[in-house]
Engineer: 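Pasting a structure below so you can have a look.
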Protein chains: 2
Amino acid sequence: MTVHDVARVAGVSIITVSRAVNTPEQVSAPTLERVRDAIARTGYVPNLIAGGLRSRRSRLVAAVVPSLSGGVFTETIESLTLALGSHDYQVLLGQSGFTPAGEDALLDALIGRRPDGIVLTGIMHSHEGRNRLLASGIPVVETWDLTSTPIDMIVGFSHERLGFDVCDFLLARGRRRLGIVSGNDDRARQRNEGFCRAAARAGVRAPQVELVPSPTTHEKGRAGLAALLEKAPDVDGVFCGSDALAMGALTECLVRSIGVPGDLSIVGHGDVNFSASLHPPLTTVRIDYDRIGRTAAQFIIDRAEGRAVENRIVDVGYTIVTRQSA
Amino acid sequence: MTVHDVARVAGVSIITVSRAVNTPEQVSAPTLERVRDAIARTGYVPNLIAGGLRSRRSRLVAAVVPSLSGGVFTETIESLTLALGSHDYQVLLGQSGFTPAGEDALLDALIGRRPDGIVLTGIMHSHEGRNRLLASGIPVVETWDLTSTPIDMIVGFSHERLGFDVCDFLLARGRRRLGIVSGNDDRARQRNEGFCRAAARAGVRAPQVELVPSPTTHEKGRAGLAALLEKAPDVDGVFCGSDALAMGALTECLVRSIGVPGDLSIVGHGDVNFSASLHPPLTTVRIDYDRIGRTAAQFIIDRAEGRAVENRIVDVGYTIVTRQSA
DNA sequence: ATGAAAGCGCTAACAG
DNA sequence: CTGTTAGCGCTTTCAT
């Protein structure tokens with residue numbers, strides 16, 4: 001079924017069918033009705049591939065995540081998909097899998113689709129990838145991070161400042177012997193740096209840092225806290241690089257009969273859906289995932305519709321949510 | 001940059017460029033080298049949209065999930081994306097959001113891309129949607145479920161049998177006063193039915209069933225178990241419809257000082273990554289998500305390459321993983 | 001092994 | 001408000 005079939009049935013030209021579908025306000029009411037009737041009768045579904053080729057607007061947005069199953073990025077992807085979907089854009093999914101190697105191959109495959117935008121979620125781009133992106137001329141949104149030199153547009157928050165603030169939070173509650181359990185990705189490292197900087201400024205001893213391979217899990221949280229306690233048994237405040245890690249740390253404390261927050265304060269990162277109902281409820285850092293996704297979507301849509309994007313760097317910030325674990 | 005630019009630089013015709021990219025074995029070595037050199041110099045990235053329009057193969061596969069953030073389907077999507085990616089297929093993501101209403105609109109948007117296949121994950125299709133799918137002629141894979149009347153191809157397992165087996169498992173361990181906490185989606189209902197059938201057959205009292213709205217979460221698990229205990233305080237074995245629910249139930253037991261598995265046995269469903277490291281480690285039902293994803297990918301690829309799919313119904317089964325919670 | 005011509009299904013551009 | 005013409009970038013088909 002093509003425009004030709006519909007046009008024949010409706011007794012109009014093919015361009016009228018196209019207009020009835022895309023810009024119905026340009027078609028008179030009776031004609032519109034005839035065309036719509038013909039569409040319903042023929043079961044015609046417009047071929048967006050063909051339309052996209054001619055109009056140079058694919059209404060496709062590529063989203064790249066390191067991994068879906070980590071759970072960290074799914075909420076961003078979800079709100080991105082929803083926000084774009086309401087404007088008739090679809091999301092093309094790419095998984096780079098934490099290695100910069102496969103990333104370039106992935107990028108080519110995605111650029112080959114001529115998407116109207118590419119959303120990079122928490123990715124470290126190689127020079128090569130950066131250049132390919134730039135050369136493609138496709139609008140690019142980087143997310144989950146903040147830098148003064150984005151490829152194009154960026155929406156995220158400062159991981160360094162976040163780490164700093166979490167340390168201050170623990171210090172303000174009287175904690176002095178601090179520790180960190182986190183993944184070994186770059187963003188976690190930035191948070192850790194901020195955390196350690198605040199500790200140094202306050203003059204407390206340097207935090208004991210325990211890194212586990214990303215993506216983080218409950219199990220790695222248990223093992224990470226156990227390893228941390230091995231090296232610094234007197235630790236009284238721990239910052240976990242994700243809520244999954246924090247949940248694991250909580251479990252390890254339960255098993256070892258370490259009181260939380262009595263003996264040990266625990267702060268997570270992410271405020272995922274289970275954090276509030278853990279026992280004890282987890283003090284953590286909330287990120288507005290939804291806003292990240294929606295902002296990225298808006299960036300792309302604005303560009304696609306030819307609107308200039310005034311503010312290319314958006315800081316969504318974060319909030320420390322105080323519950324009982326710290 | 002188009003084939004024309006590359007052809008001009010390489011001093012060949014455009015079709016030779018196309019062949020150098022897609023079927024290099026049809027091009028002589030020296031020509032191939034000249035073309036590849038020209039591609040590298042021009043930074044040409046083939047336009048797959050244009051190619052797909054002409055060849056009628058989009059190398060695009062649409063995947064529909066109710067919701068990403070539930071966490072249940074992400075692993076399937078992940079392995080599907082990976083398996084398809086290694087054959088140069090990309091995944092177009094669609095979220096139907098548990099309502100059959102938006103599903104039809106989504107379906108049209110996806111069909112409009114003329115994907116080489118559509119993978120439905122755990123979806124209940126309306127008649128309308130079923131017909132559209134059938135009319136489109138696009139290969140369809142249903143997953144996460146089993147029926148004798150699939151739209152086209154299907155890979156999943158029997159939820160009813162699974163529930164039956166879990167009940168038998170609890171009965172074999174001496175549990176007689178059974179309960180269920182589960183989501184209210186159709187697949188959960190099937191598991192519950194199987195569970196209750198086994199209970200009836202064994203002659204024990206009918207299980208107390210507590211339904212919570214899908215998607216399931218830790219918090220709903222806590223609340224669900226609390227509600228269940230209200231109605232049946234003497235319950236000694238509970239089947240939770242997801243590991244998230246089971247984890248919540250475990251937390252609720254911790255808070256109420258109910259011994260697990262001493263006072264109460266708990267069985268989850270899904271065997272997600274945190275289940276083994278909970279305290280106590282969770283007895284649960286393992287589904288081979290990866291195999292579901294890979295089988296679905298293979299179905300689509302076989303069809304796309306014109307191979308006949310011999311066995312259109314694949315049962316991946318499940319395994320009850322015995323840990324300490326039951 | 002290479003090329004010329006045609007056309008996939010649609011929409012931009014320009015009439016009328 | 002409606003139609004005609006041309007062409008998006010590629011691959012199919014048929015030739016050589």
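Below, each value reflects all heavy atoms present in this structure, side chains not excepted, and no hydrogens, waters or symmetry copies. Lettering follows sequence order; numbering is per chain, from 1.
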Engineer: Rounded off to whole Å, could you give me the CG-to-P distance for the A:Asn22 and D:dC1 pair?
Structural biologist: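 Between P of D:dC1 and CG of A:Asn22: 16 Å.
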Engineer: Measure CD/A:Glu25 against P/D:dC1 and give the value in whole Å, please.
Structural biologist: 10 Å
Engineer: Go through the steps to decide whether B:Asp302 and B:Gln298 satisfy the test side chain to side chain donor-acceptor pair (under 3.5 Å), and finish with yes or no.
Structural biologist: CA-CA 6 Å; B:Asp302 280 350; B:Gln298 200 54 54; 3.1 Å; yes
Engineer: Take B:Ser28 and A:Val21, find for each the nucleotide of DNA chain C with the closest heavy atom, and name the residue whose nucleotide sits nearer the 5' end.
Structural biologist: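 Checking each residue's closest nucleotide, the 5'-ward one belongs to B:Ser28.
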Engineer: Among the nucleotides C:dT2, C:dC10, D:dT4, which one has an atom lying closest to any side-chain atom of A:Ser13?
Structural biologist: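 From the listed options, D:dT4 comes nearest.
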Engineer: Suppose we call a contact any N or O donor and acceptor under 3.5 Å apart; does that hold for the side chain of B:Arg19 and the base of C:dG3?
Structural biologist: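 In this structure, the two groups form a donor-acceptor pair.
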Engineer: Atom NE2 of B:His4 to atom C1' of D:dT11: distance rounded to whole Å?
Structural biologist: 12 Å
Engineer: In whole angstroms, how far is the P atom of D:dC8 from the CD1 atom of B:Ile49?
Structural biologist: 16 Å
Engineer: Nearest to the side chain of B:Leu53, which nucleotide is it out of C:dC10, D:dC10, C:dC8?
Structural biologist: C:dC8
Engineer: Taking the nucleotide of DNA chain C with the nearest heavy atom to each, does B:Ser55 or A:Arg54 sit closer to the 5' end?
Structural biologist: B:Ser55
Engineer: Expressed as a whole number of angstroms, how long is the span from B:Ile15:CD1 to D:dC14:P?
Structural biologist: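 So the CD1-P distance, B:Ile15 to D:dC14, works out to 14 Å.
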Engineer: Does a side-chain N or O of B:Arg114 approach OP1 or OP2 of C:dC8 to a distance below 4.0 Å, or not?
Structural biologist: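 False: B:Arg114 side-chain N/O out of range (4.0 Å or more) of C:dC8 OP1/OP2.
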Engineer: If we only count heavy atoms from C-beta on, is the B:Arg291 to B:Val314 side-chain gap below 4.5 Å?
Structural biologist: yes
Engineer: Is it true that atom CD of B:Glu33 has more than 12 heavy atoms of other residues, nucleotides or ligands lying nearer than 6.0 Å?
Structural biologist: no
Engineer: Tell me the interatomic distance from A:Asp5, atom CG, to C:dG9, atom P, rounded to whole angstroms.
Structural biologist: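 Spelled out: CG on A:Asp5 to P on C:dG9 is 9 Å.
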Engineer: Counting only side-chain heavy atoms from C-beta out, which of D:dG3, C:dC10, D:dC10 sits nearest to A:Thr2?
Structural biologist: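 Within the option list, the nearest is C:dC10.
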Engineer: D:dC8 C1' sits how many Å from B:Ile14 CD1, rounded?
Structural biologist: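 My rounded result for the distance is 13 Å.
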Engineer: Please state whether the phosphate of C:dT11, meaning OP1 or OP2, lies under 4.0 angstrom from any side-chain nitrogen or oxygen of A:Ser18.
Structural biologist: yes
Engineer: Run the salt bridge (charged side-chain N to carboxylate O under 4.0 Å, His left out) check on A:Arg312 and A:Glu142 step by step: do they pass?
Structural biologist: CA-CA 10 Å; A:Arg312 296 180 170 204; A:Glu142 293 167 278; over 6 Å; no
Engineer: Are any of B:Thr16's side-chain N or O atoms less than 4.0 Å away from OP1 or OP2 of C:dG3?
Structural biologist: yes
Engineer: Heavy-atom distance under 4.5 Å between the side chains of A:Val3 and A:Tyr44, does that happen here?
Structural biologist: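 When only atoms from C-beta onward are counted, A:Tyr44 and A:Val3 do touch, with a gap below 4.5 Å.
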Engineer: In whole angstrom, give the distance that lies between atom CD of A:Gln26 and atom C1' of C:dA13.
Structural biologist: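 Roughly 13 Å, once rounded to whole Å.
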